[in-house]
There are 4 protein chains.
Amino acid sequence: MSDIRRRRLPRPVREQLIIDAAIGVFAKRGYHASSVDEIAELAGITKPMIYLYLDSKEGLFLACLRRETERLVTAFRAAAGPAPSPELRLRAGLLAFFTFVTDHPDSWVVLHRQASELSPAIAAELAQSRQAVLTEVSGIVRTCSTEGAGPACAEDEADFVAYTLVGAADSLTDWMVLHPDEHPERITVRLMNMVWVGMRNVLDGEVWTTPAGEG
Amino acid sequence: MSDIRRRRLPRPVREQLIIDAAIGVFAKRGYHASSVDEIAELAGITKPMIYLYLDSKEGLFLACLRRETERLVTAFRAAAGPAPSPELRLRAGLLAFFTFVTDHPDSWVVLHRQASELSPAIAAELAQSRQAVLTEVSGIVRTCSTEGAGPACAEDEADFVAYTLVGAADSLTDWMVLHPDEHPERITVRLMNMVWVGMRNVLDGEVWTTPAGEG
Amino acid sequence: MSDIRRRRLPRPVREQLIIDAAIGVFAKRGYHASSVDEIAELAGITKPMIYLYLDSKEGLFLACLRRETERLVTAFRAAAGPAPSPELRLRAGLLAFFTFVTDHPDSWVVLHRQASELSPAIAAELAQSRQAVLTEVSGIVRTCSTEGAGPACAEDEADFVAYTLVGAADSLTDWMVLHPDEHPERITVRLMNMVWVGMRNVLDGEVWTTPAGEG
Amino acid sequence: MSDIRRRRLPRPVREQLIIDAAIGVFAKRGYHASSVDEIAELAGITKPMIYLYLDSKEGLFLACLRRETERLVTAFRAAAGPAPSPELRLRAGLLAFFTFVTDHPDSWVVLHRQASELSPAIAAELAQSRQAVLTEVSGIVRTCSTEGAGPACAEDEADFVAYTLVGAADSLTDWMVLHPDEHPERITVRLMNMVWVGMRNVLDGEVWTTPAGEG
DNA sequence: GATGAATGAGGCTTCATTCAT
DNA sequence: TATGAATGAAGCCTCATTCAT
């Protein structure tokens, strides 16, 4: 009885419902191919409400970006922060990431799979969003080197490792779609296996050399 | 005489010019935000020619995809194929990739940075294109395990590693933009350093375990 | 106590405040380009109040028209009525007009500078408003002829003169903007200088003829 | 046979037809209340053609403004230029004006009866258009003073007179609508009668004074 | 007396695509 | 081989107006 057609909701509630709907459509179609009409219909209201609350299609997309970036970063920090060692922090962060992507696949698509076609304002926000993720990862990575390496050099190396990790994790979200039975835990363990040793090599400045006797 | 404005070119030549122009525009704006008008102007002809030769905007995009996929796979194979060991094949392949991206950044954007917004036909072709890259990598990876592991299992593991590698490499193309002085060779070495050891652990089925006394 | 934010004003007061705001917006933007939203905001209330009190955007504009027409006509009559001779009545009327326009430029813009784009109801009211002004002027003009000319004919001539005068005066309001130091008195005198003699010629039925030996 | 549905006209021809239609609609409804749809329908084509040729609604309006301003100014000059005396030049100019308005009433409405609601670009063009008319009139007026008065002062006076004349003439176009049997010649003569003498007083710097024994 | 929530309708603009030459 | 002319469809956005409290 309390849901007499969920009409006349207070603004903050409506806004979240609109953003929910928008994420779904933006993820499915991409920014340009999404129509505000479809988002409005999915949200159960009419277009003018979207423009009243979120200003424009661009404003709507930015709102999605901001909300989901915050959610992801929060989840990542909450998981990685309390862990007692660099190794476990990285493991916890990766697990949080794969869990987030498993639970909110649309959000991840909206955050990281938009093409290069976006307006300056959106491109800036998107870059910032991606940077926020990289910053979290890089922060952990910097604490992972065996020795306490020099700061400037270490920063560059840590960035390199962070890009590698984020790219690998992103790509593995596609692999997950092909292996729906694999749990985030398993994937995390495998990725750790794959990068943990080599990552520290890189951070410590060790250099791979062409095997003896070859090209 | 030679500058009768290069009108009346034979069809195959025109087609390549059109595809050249299209890749530039698609990379800059993304599929949906690109207009056939702009591509026609950049190619120096009128729209009806595009429709006559490539059928539709979709057909034009597919042509771009196919040509560039073939170029990339060919470069990869030419580099990796002749190398005498798995390690060197992987190294050569990665180097070929980073070199390709450095030389043809637009092509890579068109191939791997298009949003999820595309029509079924395009989405299929794009998946196939990405799969072609993954197949090459996976093929090499499968020869890298220390022991000759069981085939079925190995295939899955090799795929996992391939997704990781392609994702890492893709992401590192962004890192390259921020570090324009780093050459493909340097990046390849670093990436090898980072994954070579761990990759073989994964392929050999070794399992990372939570460090003793934690979690 | 007096600044409980002036909420809950009695209806007649609120109505005047709304009309004040509306005149400003209508003058600045024109009828169609004005939005009820902007008027409501400027008036310090919400849109439903405007609809409650003035019925519609059209009703609001009509209310502006009526109030300002009455103000202008009243000012004109008060000035022209008591003067002892036709000449002085006309002079006083013109002075009242230029003074009104100086003091209430928005009102005059709303009254006489709206495009032809208005709804029938508004167009009718606007025509009536302009006619009210013309009627005042024409009434004075009719008393200005030297001789007591025949009525029917005189009426037509007086109308002609009235249109001329009102058009001239209207146009001079633009001239005033370019010459902000000129006072209404000076302009009135000049306009009188320019039309007084010829006006009476026209009213007396004298006909200008092409100068001898030309055309 | 040559008019197999007037389709596929060359661009310059189509453009003029579009402008013709636009003037009609803009005059009837005003800029804001006019819809590009209606203009397209009246022009016998579809909207995209309008945008292809004239860029935007604003561009379309500007094209109307420019074409009609040029026509009016040309007609005015052609009439006034050759006349042998100031008086006759003014008379010829006024006659050309009233003839133009009679023949192209929509053009005049578009040129001088648009409200204050227009975009900066349009407002600027409109001001320029009105100024062009005033400049023509003012140029003639300046030659009308009895004596050769001082230039600077004379310029100001001439402007005053020009504003008066243009305003009077504009207003009389409304009067003409109520008196459809009056020909431009008659109106011109009357207006000359009304202003010729007084105008020269003003230009010569004579000052009207309140009649003795009054005020 | 006053308002926050909501909408139907319509306007400007652009795009992929085709026709006739 | 090549193009100027033309369009159907659809998208973003805004506005006057009303409902429920």
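Lettering follows sequence order; numbering is per chain, from 1. Note that these values count all heavy atoms, side chains included, but never hydrogens, waters or copies made by symmetry.
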With sequence neighbours excluded, tell me which residues meet side chain to side chain donor-acceptor pair (under 3.5 Å) with Ser107(A). Glu68(A)
Partners of Gln16(B) by side chain to side chain donor-acceptor pair (under 3.5 Å), sequence neighbours excluded?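 Gln16(B): side chain to side chain donor-acceptor pair (under 3.5 Å) contacts with Arg67(B).
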Look at Arg11(B) together with Glu15(B) and state whether they make a salt bridge at an N to O cut-off of under 4.0 Å. yes
Of all residues at least two apart in sequence or in a different chain, which pass the side-chain contact (heavy atoms from CB on, under 4.5 Å) check with Pro12(B)? Pro10(B)
Partners of Ala132(B) by side-chain contact (heavy atoms from CB on, under 4.5 Å), sequence neighbours excluded? Thr69(B), Val73(B)
Between dC15(E), dG10(E), dA20(E), which nucleotide gets closest to the side-chain atoms of Arg8(D)? dA20(E)
Per atom distances to the Arg14(D) side chain, the nearest of dA16(E), dA6(F), dA20(F) is dA6(F)
Show me the donor-acceptor pairs within less than 3.5 Å that the side chains of residues 40-49 of chain C make with the rest of the protein, sequence neighbours left out.
| residue | atom | partner | partner atom | Å |
| --- | --- | --- | --- | --- |
| Lys47(C) | NZ | Asp37(C) | OD1 | 3.4 |
| Lys47(C) | NZ | Asp37(C) | OD2 | 3.4 |

Indicate the ring-plane relationship of Tyr31(A) and Phe26(A), choosing parallel, tilted or perpendicular according to the 30° and 60° boundaries.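 Rings of Tyr31(A) and Phe26(A): parallel, under 30°.
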Quick check: on DNA chain F, is the nucleotide nearest Ile45(B) upstream (toward 5') of the one nearest Asp37(C), or the reverse? Name the residue that is more 5'. Ile45(B)
If you assign Thr46(D) and Val36(A) each to the DNA chain F nucleotide with the nearest heavy atom, which residue ends up on the more 5' nucleotide?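 Its nearest nucleotide lies further toward 5', so the answer is Thr46(D).
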Within residues 49-60 of chain C, which residues have any heavy atom lying less than 4.0 Å from an atom of DNA chain E?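 Listed by number, they are Met49(C), Tyr53(C).
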Checking all strands, does Pro10(C) fall into the base, sugar-phosphate, or nothing category for heavy-atom contacts under 4.0 angstrom?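 Counting heavy atoms under 4.0 Å across all strands, no contact is made by Pro10(C).
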Scan Arg11(D) against the nucleic acid and name what it touches under 4.0 Å (heavy atoms): base, sugar-phosphate only, or nothing.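 Counting heavy atoms under 4.0 Å across all strands, the contact made by Arg11(D) is with sugar-phosphate only.
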Atom-to-atom span, [atom1] of [X] to [atom2] of [N] - whole angstrom:
X: Leu9(D); N: dT21(E); atom1: CG; atom2: C1'; result: 15 Å
X: His32(B); N: dC12(F); atom1: NE2; atom2: P; result: 11 Å
X: Glu41(D); N: dG11(E); atom1: CD; atom2: P; result: 12 Å
X: Glu38(A); N: dC12(F); atom1: CD; atom2: P; result: 10 Å

Those residues that, when tested against Glu38(D), pass salt bridge (Lys or Arg N to Asp or Glu O under 4.0 Å) (two or more places apart):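 Partners of Glu38(D) by the salt bridge (Lys or Arg N to Asp or Glu O under 4.0 Å) criterion, ordered by chain and then number, come out as Arg29(D).
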Most 5' of Ser34(B) and Pro48(C) on DNA chain E, judged by nearest nucleotide: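 First, find each residue's nearest nucleotide; the 5'-ward one identifies Pro48(C).
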Ser35(D) vs Ser35(B), nearer the 5' end of DNA chain E by closest nucleotide: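 So the residue in question is Ser35(D).
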Output every pair passing side chain to side chain donor-acceptor pair (under 3.5 Å) with a member in residues 51-60 of chain C, not counting sequence neighbours, ordered by first then second residue. Glu58(C)-Ser119(C)
Regarding dT17(F), can its base be found pairing with the side chain of Lys47(C) as donor and acceptor, where the two atoms are less than 3.5 Å apart?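 Between dT17(F) and Lys47(C), which were checked side chain against base, a qualifying N/O pair under 3.5 Å is present.
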Roughly how far, to the nearest 0.5 Å, is [atom2] of [Y] from [atom1] of [X]?
X: Arg71(D); Y: Arg66(D); atom1: CZ; atom2: CZ; result: 15.0 Å
X: Trp108(A); Y: Ile23(A); atom1: CH2; atom2: CD1; result: 13.5 Å
X: Leu62(C); Y: Leu54(C); atom1: CG; atom2: CG; result: 9.5 Å

Which residues, if any, of residues 16-25 of chain B bring a heavy atom under 4.0 Å of DNA chain F?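 Result for residues 16-25 of chain B: none.
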Which dot-bracket string fits DNA chain E when only Watson-Crick or G-U wobble pairs with both atom distances under 3.5 Å count, crossing pairs get [ ], and | stands for a partner on a different strand? .||||||||||||||||||||
